[in-house]
Amino acid sequence: MSETNPAAAAEVAAPHRYTAALAADIEARWQDFWDADGTYAAPNPKGDLAGDPELAAKPKKFIMDMFPYPSGAGLHVGHPLGYIATDVFARFQRMTGHNVLHTLGFDAFGLPAEQYAVQTGTHPRVSTEANIENMKIQLRRLGLGHDKRRSFATIDPDYYKWTQWIFLQIFNSWYDDEARTARPVSELVAQFESGERALPGGRSWNELSAAERADVLGEYRLAYASDAPVNWCPGLGTVLANEEVTADGRSERGNFPVFKAKLRQWNMRITAYADRLLDDLDALDWPEAIKLQQRNWIGRSEGARVDFPIDGERITVFTTRPDTLFGATYMVLAPEHPLVEKFTPAAWPEGTHDVWTGGHATPAQAVTAYRAQAASKSDVERQAEAKDKTGVFIGAYATNPVNGERIPVFIADYVLMGYGTGAIMAVPAGDQRDFEFARAFELPIHCIVEPTDGRGTDTSTWEDAFSSYDAKIINSSGESVSLDGLGVAEAKTRITEWLERTGIGEGTVNFRLRDWLFSRQRYWGEPFPIVYDEEGIAHALPESMLPLELPEVEDYSPRTFDPDDADTQPETPLSRNEEWVDVTLDLGDGRGPRRYRRETNTMPNWAGSCWYELRYLDPHNGRQLVDPEIERYWMGPREGQPHGGVDLYVGGAEHAVLHLLYARFWSKVLYDLGHVSSVEPFHKLFNQGMIQAYVYRDSRGIAVAAAEVEERDGAYYYQGEKVSRLLGKMGKSLKNAVTPDEICAEYGADTLRLYEMAMGPLDVSRPWDTRAVVGQFRLLQRLWRNVVDEATGDVTVVDAEPDEDTLRALHKAIDGVRGDLEGMRFNTAIAKVTELNNHLTKASGAVPRSIAEPLVLLVAPLAPHIAEELWRKLGHEGSVVHQDFPVADPAYVVDETVTCVVQVKGKVKARLEVSPAISGEELEKVALTDEKVVAALDGAGIRKVIVRAPKLVNIVPV
RNA sequence: GCCGGGUUGGCGGAAUGGCAGACGCUGAUGUCUCAAACACAUCUGUCCGAAAGGACGUGCGGGUUCGAAUCCCGCACCCGGCACCA
């Protein structure tokens with residue numbers, strides 16, 4: 001024995017104590033065992049992953065995490081929170097009779113992986129694959145029960161072959177609004193050929209050129225290229241989806257300015273699915289907050305389209321308040337509205353108001369100047385100036401169809417081209433924005449809703465617009481329709497009927513959702529399986545040419561620009577490889593080998609995550625993206641899940657509208673085209689909270705190493721200097737990252753798992769506290785000691801009958817833990833296990849086997865390594881993973897006696913030990929004769945006695 | 001501005017109409033040890049009290065109820081989302 005090595009001395013005294021070293025040994029052994037044994041292999045009903053028929057016959061559970069980006073920074077303890085939670089849940093499901101599919105892949109395309117690669121100067125594939133390997137090692141140490149046969153990365157050609165294939169399915173589809181389903185474009189062509197569907201302009205399909213046909217089909221395809229204003233981000237060198245742009249007009253990633261630029265880009269016609277994406281939310285088991293965010297994003301508004309005649313033509317507006325049509329005193333078009341030029345006359349009409357012209361000599365000049373001004377403004381500036389309404393008269397008048405009034409037409413940037421029809425009827429009395437504009441441009445304000453707040457009908461005295469759904473319509477009578485005296489709802493109905501009867505308009509539903517910009521000027525993404533012929537017509541590559549692999553290029557980094565320079569144009573890295581771009585191919589369409597140019601944009605990083613749940617099911621299938629029978633087994637609709645989908649999907653709330661909306665859209669298209677049986681990808685969604693960490697900053701505001709900060713008397717010091725403390729994110733840049741590796745080294749993975757689950761409810765964010773981790777370590781140490789002799793390593797459990805108290809403690813724990821695990825309340829489940837274990841620790845004598853065994857099973861989902869080891873020590877062959885979870889005996893779940901509190905006027909005055917079966921009358925009698933109660937009543941008369949047997953009696957004195 | 005979520009000991013949290021503070025951390029004291037660490041044991045919401053015991057207490061103000069952390073109304077603060085969406 002060495003006097004100078006106390007740790008060694010302790011080990012000699014208790015060589016079989018549950019220490020970090022022993023935990024490491026146990027964990028490594030069982031992780032190897034699981035890999036070799038294939039413990040977590042979930043059998044498919046057929047195919048290469050078919051297996052154990054007994055397991056396959058059980059009800060299925062598909063439990064999934066949002067898969068990680070393999071960033072170069074590695075994991076900190078915040079990352080695996082959700083993975084541990086799904087793993088605990090999956091293990092519990094395995095022990096309660098389910099065939100559980102649980103695995104994890106890697107989302108490895110996209111900006112972060114690419115930027116890391118650019119920073120480190122290595123090829124994205126090399127650095128990404130290294131990161132994946134590193135992350136796999138980190139994750140393996142946590143003991144996650146993944147079916148590793150099913151893992152993949154989105155960058156694997158075998159995977160993105162099918163991402164490309166799905167893109168082509170979408171490209172080759174159109175949305176049939178009447179049938180409310182996607183259909184192959186070939187069926188649309190057949191309709192055009194037969195004349196069943198009319199072509200715009202009344203032409204016949206046969207007389208169209210190939211280019212014209214392509215243009216017509218482009219109007220229908222669910223994936224289409226178009227010249228449209230997109231979010232161009234010079235700082236990132238790419239365009240971005242609306243969802244990737246923040247409210248203040250900057251890129252979500254990198255926080256660079258974003259400008260509107262007109263560029264030819266690929267889009268997904270997600271708007272065709274707006275109503276279904278909205279309606280189908282109802283049957284999903286998702287947090288209401290997330291559903292609400294999606295509903296707001298889709299933004300359904302009921303209203304009407306109304307045609308306003310102008311110069312023998314018409315401008316269509318969308319309004320949610322057709323009942324206020326009589327109050328429309330002017331019209332506003334978005335500056336970029338395509339009809340603006342058409343109606344802009346050569347000269348200002350006689351007597352044009354000076355404030356309307358913006359000081360310009362002609363309407364054309366005014367329009368051009370205003371458009372230039374609007375385009376140069378970044379969204380940030382627009383935001384800041386939102387209060388000051390700007391605009392200019394285009395020199396033309398339209399007619400209000402309901403009363404024949406001549407109303408001026410303006411352009412103004414408060415009307416957005418992307419919403420509705422890009423044109424509005426302005427009702428300044430009822431709409432605050434219109435009101436402000438009318439005041440600024442001295443336009444008339446007609447009161448058409450009777451104010452209910454006493455302000456009167458003289459609008460010249462008003463300070464703001466008046467709007468109420470409870471008010472009555474006034475001043476709204478015309479020759480053919482009158483709304484006077486009606487409430488808002490009735491007026492809407494009547495005017496909509498009138499609009500439809502006269503053909504002037506129609507009731508309609510409008511959505512805020514826009515089409516999804518689907519191309520990026522990046523290297524590290526899926527190439528589009530699209531080539532262009534000499535006429536510039538896009539052609540799909542045949543399936544036999546998939547996957548279209550990413551070519552090598554000399555410089556894969558994106559061409560970025562001065563972030564503030566809007567006058568730049570994106571340049572795609574793939575366009576730098578002329579040999580790859582310029583190809584001669586036979587597409588198998590009967591045209592023979594021809595020269596084509598490849599599409600050089602790549603898909604956005606969302607593409608790979610839009611369908612990965614399906615590939616987990618049948619990851620090695622070379623002929624189909626997933627076998628239909630296998631898909632139906634794991635994903636198909638069933639009772640309570642009318643749209644099918646993954647049984648549990650856990651991830652951060654930051655994906656509320658991006659990934660989750662896109663994945664739902666792809667799922668619906670695949671369903672419509674008959675490739676899958678599930679309409680929705682994720683039946684139940686759970687958002688885990690964030691693990692936060694304290695950030696310590698010195699007087700300059702610079703973050704200092706959190707691990708080296710000392711606390712004295714409620715203040716914090718770093719190297720003697722006082723520092724401030726704030727709760728923030730965990731990360732390298734804030735110098736407060738704690739890695740799972742550190743915690744595993746100090747306590748073991750089981751302790752880390754327990755601590756993360758015990759910190760609090762899974763859906764709430766909470767601060768990491770390394771000091772507190774030891775609490776869960778002690779739990780495992782006591783658990784170990786309750787079964788194993790620390791000196792000899794022998795099992796100490798005895799075959800004696802447990803006492804009543806212990807039996808009750810066990811069955812109450814079983815009952816509670818079962819419910820808590822089912823409800824994903826892992827923190828309280830651990831508290832109940834701890835209580836039982838503490839009970840055993842405190843009880844004198846060895847633990848009976850009939851208690852120790854179920855205890856180990858209770859622990860197994862939470863701390864699987866130690867559970868395996870104890871299970872083996874208790875004399876069982878094989879793994880604990882597929883054992884049955886204990887079932888509580890109801891006879892022991894209730895206590896033999898319960899404590900009944902007796903209150904007087906709601907204050908506890910006495911406690912009685914009574915039988916749980918005691919009757920109300922009996923209990924009342926006992927309570928009223930209790931001496932403490934008698935003393936508390938002090939002779940006062942009794943007005944009322946409330947009895948809730950057996951737990952409570954409340955006596956109300958007079 | 002609109003919408004959603006939250007506020008409980010020194011800290012993380014438990015209790016969703018019936019004993020507020022389960023479980024854990026921290027802290028105090030003790031056992032073990034030459035000593036320390038580990039481990040174990042007892043205590044640890046605040047105030048009054050030597051103690052027994054008592055009073056107060058779940059962001060603030062009101063209400064419903066025999067009884068409210070929990071339900072209702074109003075307010076403050078914090079976090080998240082959306083935002084000129086007609």
Side-chain angles (χ1 to χ4, degrees), chain A residues 3 6-7 9-11 13-14 17 19 246-248 287-293 295-297 299 301 303 317-321 324 332 382-383 385-389 412-416 418-427 430-434 436-437 510-514 653-654 656-657 711 714 727 754-755 758-761 763-776 778-779 781-782 785 790 816 825 827-835 837-838 841-842 899-908 910-911 943-948 951-957:
Chain A
E3 294 285 325
E11 267 172 41
R17 173 168 290 184
T19 59
T246 61
D248 53 354
E288 277 306 315
I290 301 291
K291 287 193 192 181
L292 199 70
Q293 278 187 54
R295 288 193 185 105
N296 290 343
W297 191 263
S301 300
V317 304
F318 171 74
T319 176
T320 55
R321 296 295 302 273
T324 62
V332 186
R382 279 197 182 202
Q383 209 77 33
E385 294 164 11
K387 284 159 239 121
D388 308 322
K389 291 288 173 291
D413 64 4
Y414 82 92
V415 173
L416 310 174
Y419 185 78
T421 61
I424 63 155
M425 63 178 210
V427 184
D431 182 282
Q432 185 59 24
R433 295 155 301 180
D434 296 344
E436 285 163 14
F437 191 87
N510 191 59
F511 293 94
R512 201 193 82 115
L513 185 70
R514 323 253 174 101
E654 68 272 18
V657 283
E711 184 188 349
L727 206 52
L754 278 180
Y755 175 67
M759 288 171 80
D763 55 350
V764 177
S765 294
R766 76 241 56 182
W768 176 265
D769 181 8
T770 298
R771 283 187 315 178
V773 177
V774 71
Q776 301 307 322
R778 286 181 191 142
L779 166 63
Q781 215 166 41
R782 285 197 298 268
R785 202 155 39 224
E790 288 188 340
R825 295 181 298 271
N827 55 327
T828 50
I830 291 169
K832 281 158 192 163
V833 168
T834 308
E835 273 184 283
N837 194 55
N838 287 351
T841 302
K842 288 194 174 92
T899 307
C900 173
V901 288
V902 185
Q903 302 175 330
V904 176
K905 258 175 87 180
K907 305 269 185 203
V908 180
R911 291 183 171 81
R943 188 156 64 103
K944 194 172 179 183
V945 180
I946 291 103
V947 182
R948 292 283 178 274
K951 301 272 282 189
L952 177 127
V953 177
N954 189 11
I955 302 159
V956 187

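Letters go in sequence order (proteins before strands), and every chain restarts at 1.
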Checklist line | P spacing across the pair B/G4 / B/C40, given as an integer number of angstrom | finding: 48 Å

Item checked: Atom pair distance, as rounded to whole Å: CH2 in A/Trp297 and C1' in B/C85 -> 11 Å

Note to self: Between A/Tyr755 (side chain only) and A/Asp769 (backbone N and O only), is there a donor and an acceptor less than 3.5 Å apart?
What the structure shows: yes

Next item on the list: Show your reasoning for whether side-chain contact (heavy atoms from CB on, under 4.5 Å) applies to A/Val773 and A/Arg771.
Entry: CA-CA 6 Å; A/Val773 177; A/Arg771 283 187 315 178; over 6 Å; no

Notebook entry, point to check: In whole angstroms, how far is the C1' atom of B/G24 from the OH atom of A/Tyr755?
Noted result: 9 Å

Checklist line | Where the chi angle of B/G13 falls, syn if within 90° of 0 and anti if not | finding: anti

Check: Hey, are the side chains of A/Ser301 and A/Phe511 touching, using non-hydrogen atoms and a 4.5 Å cut-off?
Finding: no

Item checked: d(CE, A/Met425; P, B/A86) in whole Å -> 12 Å

Next item on the list: Report yes if the side chains of A/Asn296 and A/Arg512 come closer than 4.5 Å at any heavy-atom pair, otherwise no.
Entry: no

Checklist line | Phosphate OP1/OP2 of B/C38 contacted by A/Arg778 side-chain N/O (<4.0 Å) | finding: no

Checklist line | Pairwise side-chain contact, A/Val908 with A/Val902, heavy-atom cut-off 4.5 Å (strictly under) | finding: no

Note to self: Are the side chains of A/Val332 and A/Asp434 in contact, using a 4.5 Å heavy-atom criterion?
What the structure shows: no

Item checked: Side-chain N,O (A/Arg321) to OP1/OP2 (B/A86) below 4.0 Å -> no

Next item on the list: Examine B/C82: is either OP1 or OP2 under 4.0 Å from a nitrogen or oxygen in the side chain of A/Arg512? Give yes or no.
Entry: no

Note to self: Please report the distance separating the P of B/A15 from the corresponding atom of B/U7, rounded so that it comes out in whole Å.
What the structure shows: 12 Å

Checklist line | Same-atom distance (P) from B/U70 to B/A20, integer angstrom | finding: 14 Å

Checklist line | Assigned partner base of B/A35, Watson-Crick or wobble definition, under 3.5 Å | finding: none

Note to self: In whole Å, I'd like the distance from the CG atom of A/Asp431 to the P atom of B/G1.
What the structure shows: 18 Å

Notebook entry, point to check: For B/G1, what is the paired nucleotide under Watson-Crick or G-U wobble rules, both distances under 3.5 Å?
Noted result: B/C82

Next item on the list: Calculate the interatomic distance between A/Leu513 atom CG and B/C82 atom C1'; express it in whole Å.
Entry: 14 Å

Note to self: Looking at A/Glu288 and A/Lys291, is any side-chain nitrogen of the basic one under 4.0 Å from a carboxylate oxygen of the acidic one?
What the structure shows: yes

Margin query: If I take atom CZ in residue A/Phe511 and atom C1' in nucleotide B/C85, what distance separates them, rounded to the nearest angstrom?
Written below: 13 Å

Margin query: When the P atoms of B/G21 and B/C43 are compared, how many Å lie between them, rounded to an integer?
Written below: 14 Å

Notebook entry, point to check: Mind checking the C1' distance from B/C85 to B/G5? Whole angstroms is fine.
Noted result: 25 Å

Margin query: In whole Å, I'd like the distance from the CG atom of A/Leu727 to the P atom of B/G80.
Written below: 11 Å

Next item on the list: Quote, to the nearest angstrom, the C1' distance that separates B/U64 from B/A68.
Entry: 10 Å

Checklist line | A/Arg295 atom CZ: more than 12 heavy-atom contacts under 6.0 Å | finding: yes

Checklist line | Complementary nucleotide of B/U65, counting Watson-Crick and G-U pairs under 3.5 Å | finding: none

Check: Do the ring planes of A/Phe437 and A/Tyr414 sit parallel (below 30°), tilted (30 to 60°) or perpendicular (above 60°)?
Finding: tilted

Checklist line | P atoms of B/A69 and B/G59, separation to the nearest Å | finding: 10 Å

Check: Does A/Arg785 reach the main-chain N or O of A/Glu790 with its side chain, forming a donor-acceptor pair under 3.5 Å?
Finding: no

Check: Is there a side-chain contact between A/Asn827 and A/Met759 (heavy atoms, below 4.5 Å)?
Finding: no

Next item on the list: Using whole Å, report how far CZ of A/Arg943 lies from P of B/U65.
Entry: 11 Å

Margin query: With a 3.5 Å limit on both atom pairs, tell me what B/G9 is paired to, counting Watson-Crick and G-U wobble, or say none.
Written below: none

Between protein and nucleic acid, restricted to nucleotides 2-6 of chain B and to nitrogen or oxygen atoms under 3.5 Å apart, what atom pairs and distances do you find?
none

Item checked: Complementary nucleotide for B/C60 - Watson-Crick or wobble, under 3.5 Å -> B/G74

Notebook entry, point to check: For A/Gln781 and A/Ala423, take the nucleotide of RNA chain B holding the closest heavy atom to each; which residue's nucleotide lies nearer the 5' end?
Noted result: A/Gln781

Margin query: What does the B/S/- profile of nucleotides 7-23 of chain B look like, 5' to 3', with a 4.0 Å heavy-atom cutoff to protein?
Written below: -----SSS---BB--BS

Margin query: Roughly how many Å apart are B/C47 and B/G9, using the P atom of each and rounding to a whole number?
Written below: 14 Å

Item checked: For A/Ile946, all residues meeting side chain to side chain contact (heavy atoms under 4.5 Å, CB included), sequence neighbours excluded -> A/Lys944, A/Arg948, A/Asn954, A/Val956

Check: In Watson-Crick or G-U wobble terms, both distances under 3.5 Å, what is the partner of B/C40?
Finding: B/G30

Notebook entry, point to check: Taking only N and O in the side chain of A/Arg785, is any of them less than 4.0 Å away from OP1 or OP2 of B/C40?
Noted result: yes

